[in-house]
4 protein chains.
Amino acid sequence: MKKETIERIRKFTIDRDWDQFHSPENLAKSIVIEAAELLECFQWDNEKYDVEHLKEELADVMVYCQNLLDKLGLDADEIVNAKMDQNEAKYPVEKAKGSAKKYDEL
Amino acid sequence: MKKETIERIRKFTIDRDWDQFHSPENLAKSIVIEAAELLECFQWDNEKYDVEHLKEELADVMVYCQNLLDKLGLDADEIVNAKMDQNEAKYPVEKAKGSAKKYDEL
Amino acid sequence: MKKETIERIRKFTIDRDWDQFHSPENLAKSIVIEAAELLECFQWDNEKYDVEHLKEELADVMVYCQNLLDKLGLDADEIVNAKMDQNEAKYPVEKAKGSAKKYDEL
Amino acid sequence: MKKETIERIRKFTIDRDWDQFHSPENLAKSIVIEAAELLECFQWDNEKYDVEHLKEELADVMVYCQNLLDKLGLDADEIVNAKMDQNEAKYPVEKAKGSAKKYDEL
């Protein structure tokens, strides 16, 4: 996300004095609650879905992720790159290519 | 996330030929599965948690969100700003300030 | 579940002095964490799954549901029948038959 | 649950011709979606919650669990007792008493 978008998310929280509700645990609950609403787009059909609804629910997940990053003073690029280091080590191309198996079954 | 980080996520998928597994529904399931692993950091304690573990699980959620954006050709800033428009309308500052109530109970 | 099975679940908690961790909120988190592990059986494939693993994860969900019933002194038949009353009213046979639509779209 | 309650759940599905939507995967998604609605009772407050709402959401989780048992021809007591065998072996009383640690950290 661009800096302006991130700033808009932060301002939204500050303006409403909602930081008091943003404990890391409450934000983790909120991420899973919104993720389940995203999944609900596919509850009875794997293929047809309402893309406008999906966009709203995915945005909700992403906003709460940003709230959690902010709450803990984390940098998105730093934590994602650290995890990608791990993923690349756990799933070497020559073993993982074309396979949906977990790393411990490769 | 920076363009390089996003490109790294994309290359990881392409190199492993994993786009075939990235149906929107599979990615929605993956987001909720990782969100629940993030929540597991707080399963029995609301306050103490392993921040290194939390960073990994939050990164997993964010990577799958990026995968879903990519799969559907969506732009993070666009969908988040559209949702923030809605949130700002549903939670006007004067009504929502300091309250954790849902918009339909304000 | 039979009375003996329910008693076994209760004894397991008592013997380990785990009631102290079973706040309603911790049990709600545990139910969603285990439900996501159940979903993981289908993460990359909608049709093939490991039935032995599925049985373990479904049992985990059911055990935590029983823990929550016990914590709050609720009766499974009572709450399920009350909800079925609602479901039957929201989804009348003549409208809902053969349709996966939500009640507010029927 | 009593036999009559289980029969009521089954009849509800049959009367609406909904078995066609009850693939194991769809039911697994439904369990996690309802579990997240249960968690929503505690989204911003760990201690205060609407018990009537909680009862409805817990009942929803339990109904979908029964649907999944039925779909796969599983017996609740059998799978729960098999899991309790595992739990008792993984969490021996003398090690686990009073501790919220995972079995691999005991």
Side-chain angles (χ1 to χ4, degrees), chain C residues 1-2 4-5 8-9 12 15-18 20-21 23-26 28-29 31-36 38-42 45-47 49 51 54-63 65-66 68-69 72 74 76-84 86-88 91 93 96-100, chain D residues 1-2 4-5 8-9 12 15-18 20-21 23-26 28-29 31-36 38-42 45-47 49 51 54-63 65-66 68-69 72 74 76-84 86-88 91 93 96-100:
Chain C
M1 285 193 282
K2 286 181 193 153
E4 305 94 271
T5 310
R8 185 178 182 181
I9 293 171
F12 182 83
D15 285 351
R16 282 156 193 76
D17 198 14
W18 280 0
Q20 61 184 307
F21 306 120
S23 68
E25 192 228 8
N26 284 356
K29 286 184 281 184
I31 291 170
V32 82
I33 290 166
E34 296 300 335
L38 173 62
L39 184 65
E40 204 178 347
C41 296
F42 302 95
D45 195 315
N46 303 333
E47 309 214 335
Y49 55 92
V51 74
L54 179 149
K55 284 154 72 171
E56 292 173 11
E57 300 300 348
L58 178 55
D60 281 334
V61 175
M62 295 177 71
V63 168
C65 287
Q66 184 60 48
L68 185 51
L69 290 169
L72 300 175
L74 301 173
D77 291 284
E78 198 177 302
I79 70 165
V80 169
N81 277 300
K83 193 54 174 50
M84 292 305 293
Q86 292 184 24
N87 291 350
E88 287 167 6
Y91 295 96
V93 174
K97 195 163 183 170
S99 165
Chain D
M1 285 192 284
K2 286 181 194 154
E4 306 93 272
T5 310
R8 184 178 182 182
I9 294 171
F12 182 84
D15 284 352
R16 282 154 191 77
D17 198 15
W18 280 0
Q20 61 184 310
F21 306 120
S23 68
E25 193 229 8
N26 285 355
K29 285 184 282 185
I31 292 169
V32 82
I33 289 165
E34 297 299 336
L38 173 63
L39 184 65
E40 205 177 346
C41 296
F42 303 95
D45 196 314
N46 303 331
E47 309 215 334
Y49 54 92
V51 73
L54 178 148
K55 283 154 74 170
E56 292 172 12
E57 300 300 347
L58 178 55
D60 281 334
V61 174
M62 294 177 73
V63 168
C65 286
Q66 185 60 47
L68 185 50
L69 290 169
L72 299 176
L74 300 174
D77 291 284
E78 197 177 304
I79 70 165
V80 169
N81 277 300
K83 194 55 174 47
M84 293 304 293
Q86 290 183 25
N87 290 351
E88 289 168 5
Y91 294 97
V93 174
K97 196 164 183 170
S99 164

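Here is how names work: the chains are called A, B, and so on, in the same order as the sequence lines, proteins then strands, and each is numbered from 1. Everything numeric in this text was worked out from a predicted model, so none of it was measured. Just so you know, these numbers use all the heavy atoms, side chains as well, and skip hydrogens, waters and symmetry mates.
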Separation of [Y] [atom2] from [X] [atom1] (nearest 0.5 Å):
X       : Y       : atom1 : atom2 : result
D:Leu68 : C:Lys55 : CG    : NZ    : 12.0 Å
D:Glu40 : D:Leu38 : CD    : CG    : 10.0 Å
C:Phe42 : C:Leu54 : CZ    : CG    : 5.0 Å
D:Lys97 : C:Trp18 : NZ    : CH2   : 12.5 Å

Under 4.5 Å from any heavy atom of chain C - which part of [X]:
X       : value
D:Val63 : side chain
D:Leu39 : both
D:Gln86 : side chain
D:Met62 : side chain
D:Leu72 : side chain
D:Asn87 : both
D:Ser99 : backbone
D:Tyr91 : both

With C:Ala35 via side chain to side chain contact (heavy atoms under 4.5 Å, CB included) - residues at least two apart: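 Applying side chain to side chain contact (heavy atoms under 4.5 Å, CB included) to C:Ala35 gives C:Val61, D:Ile31, D:Val32, D:Ala35.
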Shortest non-hydrogen separation from D:Pro24 to C:Tyr49 and the atoms involved: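 That closest heavy-atom pairing would be CG-OH, 3.8 Å.
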I'd like to verify something: which residue of [options] has the highest number of heavy-atom pairs under 4.5 Å with chain D?
options                             : answer
C:Ile79, C:Asp77, C:Thr5            : C:Asp77
C:Lys29, C:Gln20, C:Glu57, C:Glu88  : C:Glu88
C:Leu74, C:Ile33, C:Leu58           : C:Leu58
C:Ala36, C:Cys41, C:Ala76, C:Ala100 : C:Ala100
C:Asp45, C:Asn46, C:Val93           : C:Asn46

D:Arg16 charged N/C atom sitting above D:Phe12 aromatic ring, 6.0 Å / 45°: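 Yes, D:Arg16 lies over the aromatic ring of D:Phe12.
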Test log, rule salt bridge (Lys or Arg N to Asp or Glu O under 4.0 Å), inputs D:Arg8 and D:Glu4: CA-CA 6 Å; D:Arg8 184 178 182 182; D:Glu4 306 93 272; over 6 Å; no
D:Val80 and C:Gln66, any side-chain heavy atoms less than 4.5 Å apart: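 Contact flag for C:Gln66/D:Val80 side chains = no.
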Partners meeting salt bridge (charged side-chain N to carboxylate O under 4.0 Å, His left out) with C:Asp15 (sequence neighbours left out):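 Scan of C:Asp15 (salt bridge (charged side-chain N to carboxylate O under 4.0 Å, His left out), adjacent residues dropped) gives C:Lys11.
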Most chain C-contacting option - heavy-atom pairs closer than 4.5 Å, from D:Asn26, D:Asn81, D:Asp17: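 Going by pairs under 4.5 Å, I would pick D:Asn81.
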Per-residue contact mode, C:Glu56 against chain D (heavy atom under 4.5 angstrom):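 Answer is both: backbone and side chain atoms of C:Glu56 are under 4.5 Å from chain D.
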Structural part of C:Ala82 lying under 4.5 Å from a heavy atom of chain D: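 Neither the backbone nor the side chain of C:Ala82 comes within 4.5 Å of chain D.
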